[in-house]
Amino acid sequence: MSSRRERKRSTAHVRDEREVSAGGVVVRGRETGAGEAHGGTTIGGEEVVVIVPTRRAPDGARVLALPKGHVDPGETALQAAEREVREETGVVGELVRDLGEVRYWYRRDGRTISKSVTFYLFSYVSGDTEDHDDEVEEARWIGLREAKTALSHAGEREVVTRALAWLEEDGLKDR
């Protein structure tokens with residue numbers, strides 16, 4: 001049996017790993033007054049693009065998620081979000097606003113990973129969901145309100161709720 005001091009010493013070198021990512025809520029559909037403030041771009045409130053990654057949940061279930069990924073060296077969170085949206089969904093969006101950060105922990109190979117993801121609201125500009133990369137099994141549009149309950153991760157459901165609230169309140173003020 002090891003002493004408390006030995007246990008403390010044996011775990012002193014172990015550190016939690018951190019991951020920093022960024023992602024997007026790309027919407028299309030009805031026009032809002034916010035579009036005029038963003039170069040006349042229509043900001044949709046009806047649908048959001050979502051992905052089914054090839055990586056499954058720990059229980060083997062398919063995951064329905066927002067596009068997101070690691071921030072590469074020399075890249076800002078916004079640049080990473082734009083890149084990940086384009087790579088994982090095949091679509092291009094125009095920045096509307098920052099939706100804030102989601103933080104969570106998960107386990108991988110016996111290690112605890114602390115993850116933070118900064119999400120941005122984008123309006124759909126162009127592209128086809130068939131043009132996604134090979135990390136994604138499927139990219140598709142679903143109703144924005146449906147996404148509040150259909151997304152697999154609670155943090156992403158909260159981000160969609162924030163996007164809806166902004167579109168319904170601030171996004172419609174100038175209309």
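Nothing fancy with the numbering, it's 1 onward along the sequence.
Partners of R103 by salt bridge (Lys or Arg N to Asp or Glu O under 4.0 Å), not counting sequence neighbours, listed by chain and number: E101. The side-chain hydrogen bond (donor to acceptor under 3.5 Å, both in side chains) check on S116 picks up nothing, with sequence neighbours excluded. Residues meeting the side-chain hydrogen bond (donor to acceptor under 3.5 Å, both in side chains) test with E87, sequence neighbours left out: R83.
With rounding to the nearest 0.5 angstrom, the CD atom of Q79 is 12.5 Å from the CD atom of E84. If you take CD on E137 and CZ on R56, they are separated by 4.5 Å, rounding to the nearest 0.5 Å. In this structure, E156 CD and K148 NZ are separated by 15.5 Å, a value rounded to the nearest 0.5 Å. Separating the CD1 atom in I113 from the CZ atom in R107 is a distance of 8.5 Å, to the nearest 0.5 Å. In this structure, the separation between CZ on R97 and CZ on R162 is 10.0 Å, given to the nearest 0.5 Å. Once rounded to the nearest 0.5 Å, the distance linking CG of L164 with CD of E169 reads 10.5 Å.
Residues F122 and V85 approach most closely at CE1-CG2, 4.3 Å, considering heavy atoms. Between V26 and W141, the closest heavy-atom pair is O-CZ3, 3.5 Å. The two residues P67 and F119 make their nearest non-hydrogen contact at O-CE2, 4.3 Å. The shortest non-hydrogen separation linking A147 to V160 is CB-CG1, 4.0 Å. Scanning both residues, G23 and A81, for their nearest heavy atoms gives O-CB, 3.5 Å. Contact between A163 and L121 at its shortest, heavy atoms only, is CB-CD1, 4.0 Å.
Counting heavy atoms from C-beta outward, D131 and R86 have side chains that stay 4.5 Å or more apart. Side-chain contact between V27 and E46: absent, with no pair of heavy atoms (C-beta onward) separated by less than 4.5 Å. For the pair V52 and L64, the minimum side-chain heavy-atom distance is below 4.5 Å. Using a 4.5 Å heavy-atom cutoff, the side chains of V91 and T129 are in contact. The side-chain heavy atoms of H153 and V63, taken from C-beta on, include a pair separated by under 4.5 Å. Counting heavy atoms from C-beta on, the side chains of V96 and W166 come closer than 4.5 Å.
Checked by atom type and distance alone, the side chain of D109 never pairs as donor or acceptor with a backbone atom of R111 at under 3.5 Å. Judged by distance alone, with hydrogens and angles left aside, the side-chain atoms of R28 form no donor-acceptor pair with the main-chain N or O of E47 at under 3.5 Å. A donor-acceptor contact shorter than 3.5 Å is absent between the side chain of S114 and the backbone of R18. Judged by distance alone, with hydrogens and angles left aside, the side-chain atoms of T118 form no donor-acceptor pair with the main-chain N or O of A22 at under 3.5 Å.
With hydrophobic clusters built from ILVMFWY side chains whose heavy atoms lie under 4.5 angstrom apart, V159 does not share a cluster with V71. Under a hydrophobic clustering in which Ile, Leu, Val, Met, Phe, Trp and Tyr are joined whenever their side-chain heavy atoms come within less than 4.5 Å, directly or via other members, I51 and Y106 fall into different clusters. Residue V102 is grouped with residue V48 when hydrophobic side chains (ILVMFWY) are merged at heavy-atom distances under 4.5 angstrom, including chains of intermediate members. One hydrophobic cluster holds both I142 and L144 under the rule that ILVMFWY side chains link at heavy-atom gaps under 4.5 Å.
For the pairing with V25, the side-chain contact (heavy atoms from CB on, under 4.5 Å) check across V50, L66, V49, L167 returns one residue only, L66.
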Would you please test E17 and R108 for salt bridge (Lys or Arg N to Asp or Glu O under 4.0 Å) and show each step? CA-CA 10 Å; E17 293 183 39; R108 181 181 9 170; 5.0 Å; no

